[in-house]
Amino acid sequence: MIQLKIAFLDEEETYLEQLKGYLIRKKELFFRISTFSHAKSFLEYQEHTAFDAVIMTKSFWRILYKETAQIKQIFLLEEAGSLPYQDCLFVKKYQSAENLLGQISAMLWQEKQEGQRGVFEKPAELIGIYSPVHHENQILFGMSMAQILGENQKVLYVNLMEHSGFSQLAGTEISEDIGDLVYGMMQKEYEFTVELRKVSRTYKNFDYIPPVVNPEHLFELTKALFEQLLLELKNCSGYDVVIIDFGTVFLGFAEMMPVFESFYCLGKEGTVNRYRMEEFLEYLSKEGEHIMTHMNRVLLPEQMHFLEEGSPLECSLYGGMGDYIRRCLYGGTEIG
């Protein structure tokens, strides 16, 4: 797993302790944070540790600006209008730890553009969907959820399946797909939000990234690219919710589970199907019990009441599938 090593420099030791306490309670795996309330201790530690970023208040900035020139520097802003210089990256000190760390990771995944300041939107809530029994209604479940949530929130749907049938369900042709987005991420100079806007499209009341036309492109995704893609979608997409529909697991799949606020595992009736679900959940639990805290095991109703006319997606949305999502999962459009 990619782990971001960050140095926090602040004279307020209580603040640093609260930040570390949040990471422990959250069981956050992507950040390895070292905190310092004195410049001398940081310089001694830096001699044998390479940081991805250093976040520091004004007093430390004055002392260590030149000493940390080779590291990405982020100013910890304590009060409005006091930036060291106009275009420096910054985060506001007094906000939730979740927002703070989301903004920092966004800055580490994208190069600073000329004249860009460190103002980023709240990280998106990531919802994952996967069926270890390859439930035939998985894509209908994911797209129906996207449309229901899209009634009140800004939603992006991402399909990572092979031969998903998406284009026929949505009645659209695919010219650019997620493979083009990933190809852009592999280039030295790219801006994720710009590349995302190029490939994303709109269906009904949610946006989507078209799934791959050529399934071989999925196998070109390395572990590092998968990790980067998920973190970019969470921190740099600008959406309230990002739903990711998985067709299969990938190298490092279990390690990436903490980045999701909710994850739905779709099962179906049958002894063997139950065994397959149990094996999948056991595989995830070996990464740590905290992985299972946001895992939802869903046994979809065997019989869905579809409308006599209309596409399968419309039937799912206004028939049994949509009703089930609205009533039985999280009480309408409130995730939790």
Side-chain angles (χ1 to χ4, degrees), residues 2 105-106 109-110 121 123-131 134 138-147 149-150 153-253 255-257 259-264 266 313:
I2 296 174
S105 63
W109 280 117
Q110 63 183 7
E121 299 181 36
E125 294 189 60
L126 254 59
I127 298 177
I129 303 172
Y130 175 68
S131 175
H134 306 297
Q138 180 181 337
I139 188 171
L140 293 176
F141 179 86
M143 293 182 70
S144 297
M145 180 184 288
Q147 196 157 340
L149 293 178
Q153 300 178 80
K154 190 177 180 182
V155 176
L156 177 69
Y157 173 77
V158 182
N159 188 293
L160 293 175
M161 297 180 180
E162 307 170 22
H163 307 299
S164 64
F166 178 92
S167 60
Q168 295 186 64
L169 280 172
T172 183
E173 293 185 2
I174 297 176
S175 55
E176 293 181 302
D177 60 35
I178 195 168
D180 296 287
L181 175 63
V182 173
Y183 177 77
M185 291 170 56
M186 296 167 64
Q187 308 309 306
K188 290 184 178 180
E189 295 183 3
Y190 87 103
E191 169 61 41
F192 181 79
T193 54
V194 173
E195 298 299 326
L196 177 60
R197 298 298 176 264
K198 287 181 181 178
V199 300
S200 62
R201 301 290 183 268
T202 300
Y203 176 81
K204 302 291 185 180
N205 57 358
F206 67 88
D207 291 347
Y208 65 91
I209 301 176
V212 292
V213 175
N214 183 347
E216 295 177 10
H217 291 168
L218 288 175
F219 295 99
E220 297 176 2
L221 283 170
T222 63
K223 177 183 177 183
L225 272 176
F226 254 124
E227 291 180 345
Q228 183 178 353
L229 175 63
L230 294 183
L231 290 176
E232 293 271 27
L233 289 170
K234 183 177 182 67
N235 297 312
C236 306
S237 67
Y239 288 88
D240 298 318
V241 179
V242 176
I243 298 174
I244 302 179
D245 224 343
F246 290 94
T248 185
V249 300
F250 58 88
L251 184 61
F253 184 87
E255 295 176 10
M256 291 299 296
M257 286 302 99
V259 80
F260 291 90
E261 276 72 27
S262 301
F263 203 98
Y264 294 94
L266 307 188
L313 184 56

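The residues of the chain are indexed from 1 along the displayed sequence. Because the structure is predicted, anything quoted here is derived from the model rather than measured.
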Exercise for the section: Return yes if some donor-acceptor pair links the side-chain N/O of Gln228 with the main-chain N/O of Val182 below 3.5 Å, else return no. Expected result: no
Handout entry: Nearest-0.5 Å distance that lies between atom OH in Tyr130 and atom CG in Leu160
Key = 12.5 Å
Handout entry: Main-chain N/O of Gln147 paired with Asn205 side-chain donor or acceptor, under 3.5 Å
Key = yes
Handout entry: Closest heavy-atom pair and its distance - Glu261, Leu126
Key = OE1-N, 2.7 Å
Problem - Sequence-distant partners of Asn159, side chain to side chain donor-acceptor pair (under 3.5 Å), two or more places apart - result: Tyr157
Problem - Lys223 with Glu255: basic N within carboxylate O range, under 4.0 Å - result: yes
Fill in the blank from the handout: To the nearest 0.5 Å, atom NE2 of His163 lies from atom CG of Asn214 at 8.0 Å
Problem - Intermediate values then yes/no, side chain to side chain donor-acceptor pair (under 3.5 Å), Ser200 and Asp207 - result: CA-CA 7 Å; Ser200 62; Asp207 291 347; 5.2 Å; no
Problem - Minimum-distance pair of heavy atoms, taken over all atoms of Ile139 and Asp245 - result: CA-OD2, 3.7 Å
Exercise for the section: Test side chain to side chain contact (heavy atoms under 4.5 Å, CB included) on Phe206 and Leu149 and set out the steps. Expected result: CA-CA 8 Å; Phe206 67 88; Leu149 293 178; over 6 Å; no
Handout entry: Those residues that, when tested against Glu176, pass salt bridge (charged side-chain N to carboxylate O under 4.0 Å, His left out) (two or more places apart)
Key = Arg201
Exercise for the section: Could I get the full list of side-chain contact (heavy atoms from CB on, under 4.5 Å) partners for Asp177, not counting sequence neighbours? Expected result: Ile174, Asp180, Pro210, Val212, Val213
Problem - Ile243 side chain reached by Val158 side chain, heavy atoms, under 4.5 Å - result: no
Completion exercise
Shortest non-hydrogen pair, Phe192 vs Cys236, comes out as CD2-CB, 3.9 Å
Completion exercise
Nearest heavy-atom approach of Phe250 to Leu230 is CZ-CD1, 4.3 Å
Completion exercise
Correct closest heavy-atom pair for Phe253 and Thr248 would be CE1-O, 4.4 Å
Handout entry: Student check: side-chain heavy atoms of Lys154 and Val241 closer than 4.5 Å
Key = no
Problem - Side-chain touch Ile129/Gln138, heavy atoms, less than 4.5 angstrom - result: yes
Completion exercise
Output for pair (Leu229 CG, Ile178 CD1), nearest 0.5 Å, gives 5.0 Å
Problem - Worked verdict on Tyr208 versus Tyr203 for ring-ring contact (aromatic ring centres under 6.0 Å, His included) - result: CA-CA 7 Å; Tyr208 65 91; Tyr203 176 81; 7.1 Å; no
Fill in the blank from the handout: Here the gap from Leu181 atom CG to Lys198 atom NZ, rounded to the nearest 0.5 Å, amounts to 10.5 Å
Exercise for the section: Let me see the working for Ile209 and Leu233 under side chain to side chain contact (heavy atoms under 4.5 Å, CB included), right down to the final yes or no. Expected result: CA-CA 11 Å; Ile209 301 176; Leu233 289 170; 4.2 Å; yes
Practice task
Check step by step if side chain to side chain contact (heavy atoms under 4.5 Å, CB included) holds for Asp240 and Glu125.
Solution key: CA-CA 6 Å; Asp240 298 318; Glu125 294 189 60; over 6 Å; no
